[in-house]
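What follows is a set of notes on a single structure, which appears directly below.
Just so it is clear: chains get the letters A, B, ... in the order the sequence lines come, proteins before strands, and each one is counted from 1. Hydrogens, waters and symmetry mates are skipped; everything else that's a heavy atom, side chains included, is used.
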There are 2 protein chains.
Amino acid sequence: MITEDVIRVVIIEDDEIIRNGYAFLIGKESGFRIVNTYASFEDAALNIKEDDPEVILLDIELPGTNGIDALPKLKKIVPTAFVLILTVYDSEKLIFDALASGASGYLTKNSSASKIVESIREVKDGGGPMSINIARMVIKSFMRNQNSPLSKRETQVLELVGNGKSRSQIAKELFIDLETVRSHIKNIYLKLDVNSRADALKTARLNKLI
Amino acid sequence: MITEDVIRVVIIEDDEIIRNGYAFLIGKESGFRIVNTYASFEDAALNIKEDDPEVILLDIELPGTNGIDALPKLKKIVPTAFVLILTVYDSEKLIFDALASGASGYLTKNSSASKIVESIREVKDGGGPMSINIARMVIKSFMRNQNSPLSKRETQVLELVGNGKSRSQIAKELFIDLETVRSHIKNIYLKLDVNSRADALKTARLNKLI
DNA sequence: TTACAATCACCCCGAAAGGGGGATATTTTA
DNA sequence: TAAAATATCCCCCTTTCGGGGTGATTGTAA
């Protein structure tokens, strides 16, 4: 076990200039040591166990196995490492995929060097750094449509539908009649112009009604 | 229309000491003006339109209408205002409710004054500030359980169940037989020890399997 | 190489649920 | 006051659901 009081960092990034740039910027910080850098996941997979990094800076756009697919595999090889995703693209889906796969944080490449260094520290301390762009996106993803055509009750019913509940289960849960649930659902279908549970949920989620 | 180049801030917080403390700390910053402070939503509702704030600091724990319920109502009165939630509790549900109701950010009360001031600036510029605790929680909420008992296919099927899809709809979507979907679902039920869609989804979501 | 998990597919059955159609009454809110 | 929200009831037919059981193929880990 290596027990120096530096944070061991590995960088996986295919662009040589960016890779060396980050390595230089982070390496010169006291308290950090770049133990290795790799141009692809395949390269990293062979050696990274010996590197024993505490933090991995991982690019999304990699040749071969991309960052998102690499993430769970890296976690399997070095389970204790925190992974910081570093990318130029801040697409909603990518971010959520990365977080779902166990990324500890997500930074866009326009982040300043000091921001990145600060983020590594935060990650190491168990925090979750997110650049402003990412935070904004996450917040947006949680924001309900304020002009929902659905009433409170209808929204409530549709949420339970989203939980896989049947009409009778919903009725019990809301202390209303089975037939009332039915008419709520009928009204939901009318308003959303659909005629099935799946379509109602799809439309509702697309428009952030639930 | 008021067109001074200061950020107009309103504070809604029932604790007088905290309220005045924030008012003082923020008011002395150049570029900020505390246009009003209120001890409850009810008080605020009467005057806040005239205050015309750009940023509202909103406490969650309020007498009468609580912060979460107040949020959409405030947004209705002053639609252009950014709302920053300020609370001692960082419970997962509260945060997500707040973000769903249109909060622009979420700060725990242990945040430093400078952090709060900085957050107001970020919010005004369209960013989404989140304190470390919150970011960590949000990230955690996105993180899938890496030791899911469900296979890839089963996870996929269960996700479609969560979209309200019927067996036949799932079969079509995955290009497999209706009966195959059935056996996947049966295996899911076995593994999760449930016997209905609703329970499967509940267990799966609780354990972050989907 | 053996054994197990995963994926796929098929059969029977009865009960439950879903969706289309329609009507009506009370309360809340704009 | 009129519209929207909420609640309840009826008919009908089709689909879906979940329980039971069986078995083939593939891939992978022990």
N or O in side chain of B:His184 less than 4.0 angstrom from C:dC8 OP1/OP2: yes
So does A:Asn195 get a side-chain nitrogen or oxygen closer than 4.0 Å to the phosphate oxygens (OP1/OP2) of C:dG20? yes
Just checking, any donor-acceptor pair under 3.5 angstrom between side chains of B:Thr65 and B:Glu42? yes
Does the side chain of B:Arg197 get closer than 4.0 angstrom to OP1 or OP2 of D:dG18 through an N or O atom? yes
Hydrogens and angles aside, do B:Glu61 and B:Thr87 bring a side-chain donor and acceptor to less than 3.5 Å of each other? yes
Under the salt bridge (Lys or Arg N to Asp or Glu O under 4.0 Å) rule, what pairs show up with a residue in residues 15-25 of chain B, not counting sequence neighbours? none
More than 12 heavy atoms from other groups under 6.0 Å of CG on A:Leu46: yes
I need the CD-P distance between B:Gln156 and C:dC8, as an integer number of Å. 8 Å
N or O in side chain of A:Ser168 less than 4.0 angstrom from C:dA16 OP1/OP2: no
Send over the distance from A:Ile185 CD1 to C:dA17 P, rounded to a whole Å. 12 Å
Step by step, would you call A:Arg205 with B:Asn163 a side-chain hydrogen bond (donor to acceptor under 3.5 Å, both in side chains)? CA-CA 10 Å; A:Arg205 285 175 180 154; B:Asn163 290 336; 3.1 Å; yes
Nearest 0.5 Å please: distance from the CZ atom of B:Arg144 over to the OG1 atom of B:Thr155. 7.0 Å
Please give, in whole Å, the distance from D:dA5 P to A:Leu190 CG? 12 Å
B:Asn187 CG to C:dC4 C1', straight-line distance once rounded to whole Å: 13 Å
Without decimals, in angstroms, what is the distance between A:Lys172 NZ and D:dA7 P? 18 Å
Under-3.5 Å N/O pairs linking protein and nucleotides 9-11 of chain D:
unit_1, atom_1, unit_2, atom_2, d
D:dC9, OP2, A:Asp177, OD1, 3.2
D:dC9, OP2, A:Asp177, OD2, 2.2
D:dC10, N4, A:Glu179, OE1, 3.2

Check every strand shown and say whether A:Arg167 touches a base, only sugar-phosphate, or nothing at a heavy-atom separation below 4.0 Å. base
Residues A:Arg182, A:Glu179; criterion salt bridge (Lys or Arg N to Asp or Glu O under 4.0 Å); working and verdict: CA-CA 5 Å; A:Arg182 225 164 115 46; A:Glu179 288 300 322; 3.6 Å; yes
Would you mind telling me which residue lines up with the more 5' stretch of DNA chain C, A:Gln169 or B:Arg153, judged by nearest nucleotide? B:Arg153
Can you check the B:Leu201 CG to D:dG18 P distance for me, whole Å? 10 Å
Grab the CD1-P distance between A:Ile176 and D:dT8 for me, whole Å please. 6 Å
Tell me whether the OP1 or OP2 atom of C:dA30 has a side-chain N or O from B:Lys76 closer than 4.0 Å. no
Note: for A:Leu174 and B:Tyr189 on DNA chain D, the residue whose nearest nucleotide lies more 5' is A:Leu174
